[in-house]
Engineer: 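Sharing a structure with you now.
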Amino acid sequence: MQQAERSDIRFDFRNMRFGLPGITFSIPQNTVHLPDQGIWPELRKTVDTHALIRAAARKHRVPAAFVKSIVAAESNFNCDAVSPKGAIGLMQLMPATAQEYGADPNVPEQNVDAGTQYLRVLMDRYSRHPNSLKRVIAAYNAGPGKVDHYRGVPPFRETRAYVARVLRLLRHYEKEIG
């Protein structure tokens, strides 16, 4: 009996394990899995978060390393992240902010696009102020009203730690991205 050879089908099993009973499935670093609404909902679609970040950064004229720093600090690249305060997705958008930018915060492409657009708005708002980058980061975390009220980074421990963390991540990603 002859075996047919199929040259049109190729499988690449590097960096993978399968999700069968007793077996786990792992994915390469820096990818996100989304539920598939098709026939087998347990299967997931992979999204390249870095491609989403690059596209949104380019579209809204925000440095990609900065967007990546915010995503890392907010959700650690987890598109399913939901905070105790109700922030959703990669950029941890509050539902009202997502709605303001016409985005569904549960859709990673829309979440990153709306979050990056919001960063651009904050960058424009604080561009003439001293320490503008710190103000933008603090406003993303605590809201622009708090930054305006305190005329800079608010004295909240959480916000100050967040600003320091995003700045550390930014330095790291600037070196990585180049």
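Sequential numbering from 1 along the given sequence is applied to the chain's residues.
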Engineer: So, for N111 and G89, which heavy atoms are closest and what is the spacing to 0.1 Å?
Structural biologist: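 In this case the closest contact between N111 and G89 is ND2-CA, 3.5 Å.
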Engineer: How many angstroms lie between atom CD of Q117 and atom CZ of R120, to the nearest 0.5 angstrom?
Structural biologist: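 That separation rounds to 11.0 Å.
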Engineer: Measuring from atom CG of D113 to atom NZ of K59, what distance do you get when rounded to the nearest 0.5 angstrom?
Structural biologist: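 Nearest 0.5 Å value for the CG-NZ distance: 3.5 Å.
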Engineer: Could you state whether V112 and L122 fall into the same hydrophobic cluster, counting links through intermediate Ile, Leu, Val, Met, Phe, Trp or Tyr residues with side-chain heavy atoms under 4.5 angstrom apart?
Structural biologist: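 Yes.
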Engineer: Got a sec, which residues hit side-chain contact (heavy atoms from CB on, under 4.5 Å) with V121, two or more places apart in sequence or on another chain?
Structural biologist: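 With sequence neighbours excluded, V121 shows a side-chain contact (heavy atoms from CB on, under 4.5 Å) to Y101, given in chain and number order.
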Engineer: Cluster question for you: counting only ILVMFWY and a side-chain heavy-atom cut-off of under 4.5 Å, with indirect links fine, are Y173 and V62 together?
Structural biologist: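 In one cluster with Y173: V62, yes.
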Engineer: Going from NZ on K68 to CG on L52, what distance comes out if it is rounded to the nearest 0.5 angstrom?
Structural biologist: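 So the NZ of K68 and the CG of L52 are separated by 12.5 Å.
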Engineer: Please output the side-chain donor-acceptor pairs of residues 138-151 that fall under 3.5 Å, not counting sequence neighbours, one pair per line with the distance.
Structural biologist:
| unit_1 | atom_1 | unit_2 | atom_2 | d |
| --- | --- | --- | --- | --- |
| Y140 | OH | M91 | O | 2.7 |
| N141 | OD1 | T159 | OG1 | 2.9 |
| D148 | OD1 | Y126 | OH | 2.9 |
| D148 | OD2 | R125 | NH2 | 2.3 |

Engineer: Side-chain contact test, heavy atoms from C-beta onward, threshold under 4.5 Å: evaluate it for C79 versus P108 and give yes or no.
Structural biologist: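 Answer yes - side chains close enough.
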Engineer: Kindly give the heavy-atom pair with the smallest separation between T97 and L93, and that separation in Å.
Structural biologist: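 Heavy atoms of T97 and L93 come nearest at CG2-CD2, 4.4 Å.
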Engineer: Looking at CD of E109 and CG of D104, how far apart are the two atoms once the value is rounded to the nearest 0.5 Å?
Structural biologist: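 E109 atom CD to D104 atom CG measures 10.5 Å (nearest 0.5 Å).
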Engineer: Is it possible for you to say whether I70 and L133 belong to one hydrophobic cluster, with membership spreading through side-chain heavy-atom contacts below 4.5 Å?
Structural biologist: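 As far as the 4.5 Å side-chain criterion goes, L133 and I70 are connected within one cluster.
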Engineer: Partners of F66 by ring pair (Phe, Tyr, Trp, His ring centres under 6.0 Å), sequence neighbours excluded?
Structural biologist: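 Applying ring pair (Phe, Tyr, Trp, His ring centres under 6.0 Å) to F66 gives none.
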Engineer: Against S69, only a single residue in L169, I137, L167 fulfils side-chain contact (heavy atoms from CB on, under 4.5 Å); can you say which?
Structural biologist: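 Output: one option passes, namely L169.
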Engineer: My understanding is that only residues two or more places apart in sequence, or in another chain, count here; which of them pass side-chain contact (heavy atoms from CB on, under 4.5 Å) with A87?
Structural biologist: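 Expected list: S83, Q92, M94.
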Engineer: Mind telling me whether H50 and F77 have parallel, tilted or perpendicular rings, with 30° and 60° as the class edges?
Structural biologist: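 Aromatic pair F77/H50 classed tilted.
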Engineer: With a 4.5 Å heavy-atom cut-off, do R58 and T116 have their side chains touching?
Structural biologist: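 Not in contact.
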Engineer: Quick one: list whatever passes side-chain hydrogen bond (donor to acceptor under 3.5 Å, both in side chains) with E74, sequence neighbours left out.
Structural biologist: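 Per chain and number, E74 pairs via side-chain hydrogen bond (donor to acceptor under 3.5 Å, both in side chains) with Y162.
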Engineer: For a quick test of reading the model, state the closest non-hydrogen atom pair linking P130 to R135 and the distance between them.
Structural biologist: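 Closest approach of P130 to R135, heavy atoms only: O-NE, 3.1 Å.
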Engineer: Does any part of the side chain of R168, heavy atoms only, come nearer than 4.5 Å to the side chain of H172, both counted from C-beta?
Structural biologist: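 Side-chain contact under 4.5 Å: no.
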Engineer: Taking only residues two or more places apart in sequence or in another chain, which ones pass side-chain contact (heavy atoms from CB on, under 4.5 Å) with A57?
Structural biologist: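 side-chain contact (heavy atoms from CB on, under 4.5 Å) list for A57, sorted by chain: A64, V67.
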Engineer: Looking at every heavy atom in both R160 and V153, which two are closest together, and how far apart are they?
Structural biologist: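 Result for this residue pair: NH2-O, 3.4 Å.
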Engineer: Please report the closest heavy-atom contact between G86 and P95, naming both atoms and the distance.
Structural biologist: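 Smallest heavy-atom distance, with atoms named: O-CD, 3.6 Å.
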